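Structure record follows, encoded as structure tokens.
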Amino acid sequence: MKCPRCQHENPSDHKFCSECGAPLQRLDRSLQPASYPEVQQSLSEALARETATADILRVISSSPADVQPVFDMIATCAKRLCDARECAVFRFDGELIHLVAQADTGAAWAHALRSAFPRRPGRGMVTARAIQTGSLVHVPDVLADPEFELTEAARTSGVRTTLSVPMIREGEVIGAITVDRREPKPFLDKQIGLVKVFADQAVIAIENVRLFNETKEALDQQTATAEILRVISSSPTDLQPVFAALLDHALTLCEASNGSIYQFEDGALRHVGLRGPHLGIEVGGVFPLESTPGRAVLEKRTVHLEDILQELDWHAPEVQAGIERAGLRTVVAVPLLREQTAVGAIVIRRLEVRPFSEKQIRLLKTFADQAVIAIENVRLFNETKEAL
């Protein structure tokens, strides 16, 4: 072994130079520095990863109310940096998996994915398996996977290796990112790690949008409440401005097509307020108690019909005809309660089967309470005026 100091040749088993006493270093190729091309490639890959991460974070910060641009960017970056044939991003709503973004998907496989989703978690597809198990699934060759269901579509479109990484928020799976290749060539550890980073970024984006929307909804509700109270205070003798404000805000915040307010006096249900398309519903006169608002008044509870066409049998014949003519589908009615006495009802409707959320129904109950305050204010004002 040649001494690095004096260049004297020493026996291979010597640790020190027999000529000058300098320590001898054994040649270990695993410790030798990488060649320049290898270093250059490594630096280039690191820069690309950092650039992609920065780009995604930039999109997250610039899209506080819309997560779609983030999904599109993630799909594009994951496809490119993982040397994949395509990338797809999925959301999971607790029951079904939905395809939300794709990058460079071939026509045959794109059609297969659109046909396969939405679907429930399961073992038949790599994405569905990752979401079902809540863990990374890496299949080197889907054609050799006995549980894979889209074998023919994969063979036709050339899908072989597939990797799916779940998106997890507070222990719950909310989606997945899936990449695939045309050849049976497993993804590298650094590529798998990168998809995990993208999955974490997707979770951040989803959470940001959720918090933004919740904050906006809370602000909108507070603004609506303040505006309605202002109308109540400025209309001590007239309920119509109050009913109009209540229904306007209810239709906007609850995403409804049409809304009505009814008052219940002396055993009669009178239609006193309407906003949105008339849909054959007229203001004024007595409305049948064999109706959704009538049921809410008589039973003193909220009545939520996800599809009113499935529950027409207990409605009055004229109400049934009006519902079918107007094309109403989803309806919710909240009673106006004053000291446990029903004095009316507020109703909102949709023209499609789309149930109202619990949050929207709670908001409608708040509007019902405000309607009761307005009715009571007018009653007290009139009684005081008569006494004078």
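Computed from a predicted model, the values in this text were never measured in an experiment.
- Judged as a ring-ring contact (aromatic ring centres under 6.0 Å, His included), and not counting sequence neighbours, Phe264 has no contacts.
- Tyr262 does not carry Arg270 over the face of its six-membered ring by the limits of under 6.0 Å from the centre and within 45° of the normal.
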Please table the atom pairs, donor to acceptor, closer than 3.5 Å between any side-chain atom in residues 59-66 and protein atoms at least two apart or in another chain.
residue : atom : partner : partner atom : Å
Ser61   : OG   : Leu57   : O            : 3.4
Ser61   : OG   : Arg58   : O            : 2.7
Ser62   : OG   : Arg58   : O            : 3.1
Ser62   : OG   : Val59   : O            : 3.2
Ser63   : OG   : Val59   : O            : 3.3
Asp66   : OD1  : Gln68   : N            : 3.1

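- Residues forming a salt bridge (charged side-chain N to carboxylate O under 4.0 Å, His left out) with Arg181 (at least two apart in sequence, or on another chain): none.
- Sequence neighbours left out, not one pair with a member in residues 228-241 passes salt bridge (Lys or Arg N to Asp or Glu O under 4.0 Å).
- Remark: Asp220 engages Lys216 in a side-chain hydrogen bond (donor to acceptor under 3.5 Å, both in side chains) (not counting sequence neighbours).
- The ring-ring contact (aromatic ring centres under 6.0 Å, His included) analysis of residues 129-154, with sequence neighbours excluded, yields the pairs His138-Phe187.
- Screening residues 291-306 for side chain to side chain donor-acceptor pair (under 3.5 Å), with sequence neighbours left out, gives Thr292-His315, Arg295-Glu299, Glu299-Arg301.
- Counting only residues at least two apart or in different chains, ring-ring contact (aromatic ring centres under 6.0 Å, His included) contacts with residues 59-81 are absent.
- A salt bridge (Lys or Arg N to Asp or Glu O under 4.0 Å) check over residues 155-165, counting only residues at least two apart or in different chains, returns the pairs Asp141-Arg160, Glu152-Arg155.
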Please table the atom pairs, donor to acceptor, closer than 3.5 Å between any side-chain atom in residues 333-343 and protein atoms at least two apart or in another chain.
residue : atom : partner : partner atom : Å
Arg338  : NH1  : Glu376  : OE1          : 3.2

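- Annotation: salt bridge (Lys or Arg N to Asp or Glu O under 4.0 Å) contacts involving residues 353-364, sequence neighbours excluded, comprise Glu217-Lys359, Glu255-Arg354, Glu352-Arg354.
- Between the Thr161 side chain and the Lys185 main chain, a donor and an acceptor come within less than 3.5 Å of each other.
- Every pair tested for ring-ring contact (aromatic ring centres under 6.0 Å, His included) that includes a residue from residues 195-247 fails, sequence neighbours excluded, so the list is empty.
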